[in-house]
Asker: 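First the structure, then my questions, so here it is.
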Amino acid sequence: MQQKLSAARRLRGTIQVPGDKSISHRAVLFNALAEGNAEITGFLPGADCLSSIACLRQMGVVIEQSGDAVRVYGRGLRGLREPADVLDCGNSGTTLRLLAGLLAGQPFLSVLSGDASLRSRPQRRIVGPLRALGAQIDGRSNGDLAPLVIRGATLHGGAYELPIASAQVKSALLLAGLTGDAPMRLTGKIASRDHTERMLRAFGAQVDVTDDGGQRRVSLPGGQQLRGAQVQVPGDPSSAAFPLVAALVVPGSEVTVQGMLLNPLRIGLLDTLGDMGADLSVTNVREEGGETVADVTARHSALTGVDVPPERAPSMIDEYPILAATAAFADGRTVMRGVAEMRVKESDRIRLMVDGLRACGVAVEEEPEGFVVTGGPVPGGTTVRTAHDHRIAMSHLVLGLASVAPVTVDEPDMIATSFPGFLAMMQGLGGQVG
Ligand code: S3P
């Protein structure tokens, strides 16, 4: 089934977006490993986070879930049991990588797999460092591709310098340290989203983050326990990006997203849109559950192309597809470089955006580690291939809101990976779903 979205009139409204995907995964994982029971509210009931729940249930964790309300009955760091079958992580890299870290030090065998997209994504980035800690872990292509087979082993602690700014790798190592009862010290590119560090502290663990002459370090002593913790999951800024950009590009629009997560390591897109001249306002800034949240309003704006600083990439890595769609309506060139990581997400997102934007009549130059979009009138009126990637689908649907003719995507069902209810929400704002 194909789907398109058009805007016969301006978009208006105040909305809440589903809970943050990264925090939702961690809230169930950490509560499963904790002592005691806890409630999670605002949980994202998207396919990715449901994969995390399903895998944990296979290891004996009792989890009650109804919509965005979840109750987890914690089993403690040593309470998981050997799964009777392959753990199917679906499309979710976060599920697979965090579980790999968590399972490396458990006293049983487990096999992690997923859909075709996940089975084609690189895993050496976790397998290498986990092996260095003593993990017995293997996979196809000499350990680079899932299925991954993990034979639980005794881990020894260690120091590891992260060569890529990946929160999934950082979190896998911290979980290996925690469940393997081994001290861990991480340096290098650790300024990726820090939900694991923040949340582990809220669960009673000692996690030290220090800045040593510009060198950041995260360390975790051995011998810790987690205490179950209530989590109120804030709105996902990576989902909020779509209605906010829709308001920026459709004339006369104004949309407010309430309760959006404003973690400084997640909001590079807001900075970039600000640089482009976007009319954005952030109000009602407050602290909720150890994170800053706020209401963010976007109003239709005349935008100008910018050079996005490559060092901003970790704080907006999932937002480049929607930024590329935004750039199609900006005056001049938007240069996005230093984003090779986009090629190993749910799809090769540089390639998919270049192909999709070109099919819609937008001028794009592809580079090995980035791309450049030149803005102008966007003809649209075509069907775009999304390769099962939720963010590629939503980015093109938003592009179609302001193109001459709407854009059709081939697999709208995949949107439920991270944003169930996306099309209904856009319809509520004034979009037309066809
Ligand atoms: C995530 C980290 C990021 C991001 C993904 C979620 C997380 O991946 O792209 O959607 O929850 O830790 P990387 O760690 O590969 O950068």
Side-chain angles (χ1 to χ4, degrees), residues 18-30 43-44 46-49 51-52 89-102 114 117-118 120-130 144 146 162-176 186 188-200 218 231 233-234 236-242 261 263 265-269 291 310-323 338-350 352 369 388-392 394-395 414-415 417-419:
D20 186 70
K21 182 155 76 71
S22 297
I23 295 179
S24 295
H25 281 295
R26 287 159 173 82
V28 282
L29 285 175
F30 299 169
F43 177 81
L44 166 64
D48 267 17
C49 300
S51 292
S52 284
C89 304
N91 192 242
S92 173
T94 307
T95 305
L96 186 134
R97 293 186 176 134
L98 269 55
L99 281 182
L102 184 164
S117 150
L118 187 54
S120 70
R121 296 178 65 184
Q123 305 304 341
R124 194 162 289 135
R125 54 184 60 203
I126 49 163
V127 170
L130 288 173
D144 195 30
L162 292 172
I164 37 173
S166 161
Q168 291 177 352
V169 176
K170 177 173 62 176
S171 304
L173 291 173
L174 290 173
L175 281 166
L186 304 177
K189 295 198 172 166
I190 58 177
S192 52
R193 64 191 69 192
D194 60 354
H195 309 303
T196 296
E197 297 92 302
R198 286 172 185 256
M199 290 175 73
L200 284 180
V218 178
V231 181
V233 184
D236 194 329
S238 299
S239 296
F242 299 103
L261 173 68
N263 179 307
L265 293 163
R266 292 289 300 281
I267 51 168
L269 180 71
E291 293 278 9
E311 60 277 10
R312 203 179 273 167
S315 68
M316 54 176 292
I317 192 63
D318 290 339
E319 282 67 78
Y320 281 89
I322 186 61
L323 174 63
V339 288
E341 276 295 298
M342 283 181 74
R343 293 205 184 270
V344 291
K345 294 292 176 187
E346 286 84 326
S347 68
D348 176 346
R349 287 183 170 163
I350 294 180
L352 267 288
E369 303 199 347
H388 304 288
D389 188 326
H390 51 128
R391 300 202 200 280
I392 298 294
M394 288 185 278
S395 299
M414 282 308 284
I415 292 173
T417 298
S418 65
F419 201 156

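Numbers here simply count residues along the sequence, with the first being 1. For ligands, and for the atoms within them, numbers begin at 1 and follow the listed sequence.
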Asker: Closest by any non-hydrogen atom to atom 13 (P) of ligand 1: pick that one out of Arg266, Arg97, Lys345, Glu346.
Answerer: Lys345

Asker: Ignoring hydrogens and angles, state whether a donor on the side chain of Arg391 or Ser347 is under 3.5 Å from an acceptor on the partner side chain.
Answerer: no

Asker: Should Glu341 and Arg125 count as an ion pair when the cut-off is N to O under 4.0 Å?
Answerer: yes

Asker: Suppose we measure from atom 12 (O) of ligand 1 to each protein heavy atom; which comes out shortest, and what is that distance?
Answerer: Arg26 NH2, 2.7 Å

Asker: Quick check: does Ala167 get an N/O under 3.5 Å from an N/O on ligand 1?
Answerer: yes

Asker: Mark up the atoms of ligand 1 that fall under 4.0 Å of a heavy atom belonging to Lys21, in ascending order.
Answerer: 10 (O)

Asker: Testing Met414, Arg121, His388 one by one against Glu346 for a side-chain contact (heavy atoms from CB on, under 4.5 Å), which residue passes?
Answerer: Arg121

Asker: Looking at ligand 1, does His195 have a heavy atom less than 4.0 Å from it?
Answerer: no

Asker: Any ion pair linking Asp389 and Arg349 (charged N to carboxylate O, less than 4.0 Å)?
Answerer: yes

Asker: Should you measure from each heavy atom of Thr94, which atoms of ligand 1 turn up under 4.0 Å away?
Answerer: 1 (C), 6 (C), 7 (C), 11 (O)

Asker: Could you tell me whether a side-chain N or O of Ser120 sits under 3.5 Å from a main-chain N or O of Ser117, the two making a donor and an acceptor?
Answerer: yes

Asker: I would like to know whether Ser166 and Ser192 meet side-chain hydrogen bond (donor to acceptor under 3.5 Å, both in side chains); could you show each step before the answer?
Answerer: CA-CA 6 Å; Ser166 161; Ser192 52; over 6 Å; no

Asker: Report yes or no: does a heavy atom of His25 sit under 4.0 Å from some atom of ligand 1?
Answerer: no

Asker: Please report which non-hydrogen protein atom sits nearest to atom 1 (C) of ligand 1, along with the residue it belongs to and the distance in Å to one decimal place.
Answerer: Gln168 NE2, 3.6 Å

Asker: Quick one: does ligand 1 sit under 4.0 Å from the side chain of Lys170, the backbone, both or neither, non-hydrogen atoms only?
Answerer: neither

Asker: Would you call Arg193-Asp20 a salt bridge at under 4.0 Å N-O?
Answerer: no

Asker: How close does the nearest protein non-hydrogen atom get to atom 11 (O) of ligand 1, and which residue and atom is it?
Answerer: Ser22 OG, 2.7 Å

Asker: With a 4.0 Å cut-off on N to O distance, would you call Lys170 and Asp194 a salt bridge?
Answerer: no

Asker: Distance to 0.1 Å, residue and atom name: give those for the protein heavy atom nearest to atom 14 (O) of ligand 1.
Answerer: Ser166 OG, 2.6 Å

Asker: N/O of Glu341 under 3.5 Å from N/O of ligand 1, yes or no?
Answerer: no

Asker: My understanding is that only one of Lys21, His25, Arg26 makes a side-chain hydrogen bond (donor to acceptor under 3.5 Å, both in side chains) with Ser52; could you say which?
Answerer: His25

Asker: Which residue and non-hydrogen atom of the protein lie closest to atom 4 (C) of ligand 1, and at what distance in Å?
Answerer: Asp318 OD2, 3.3 Å

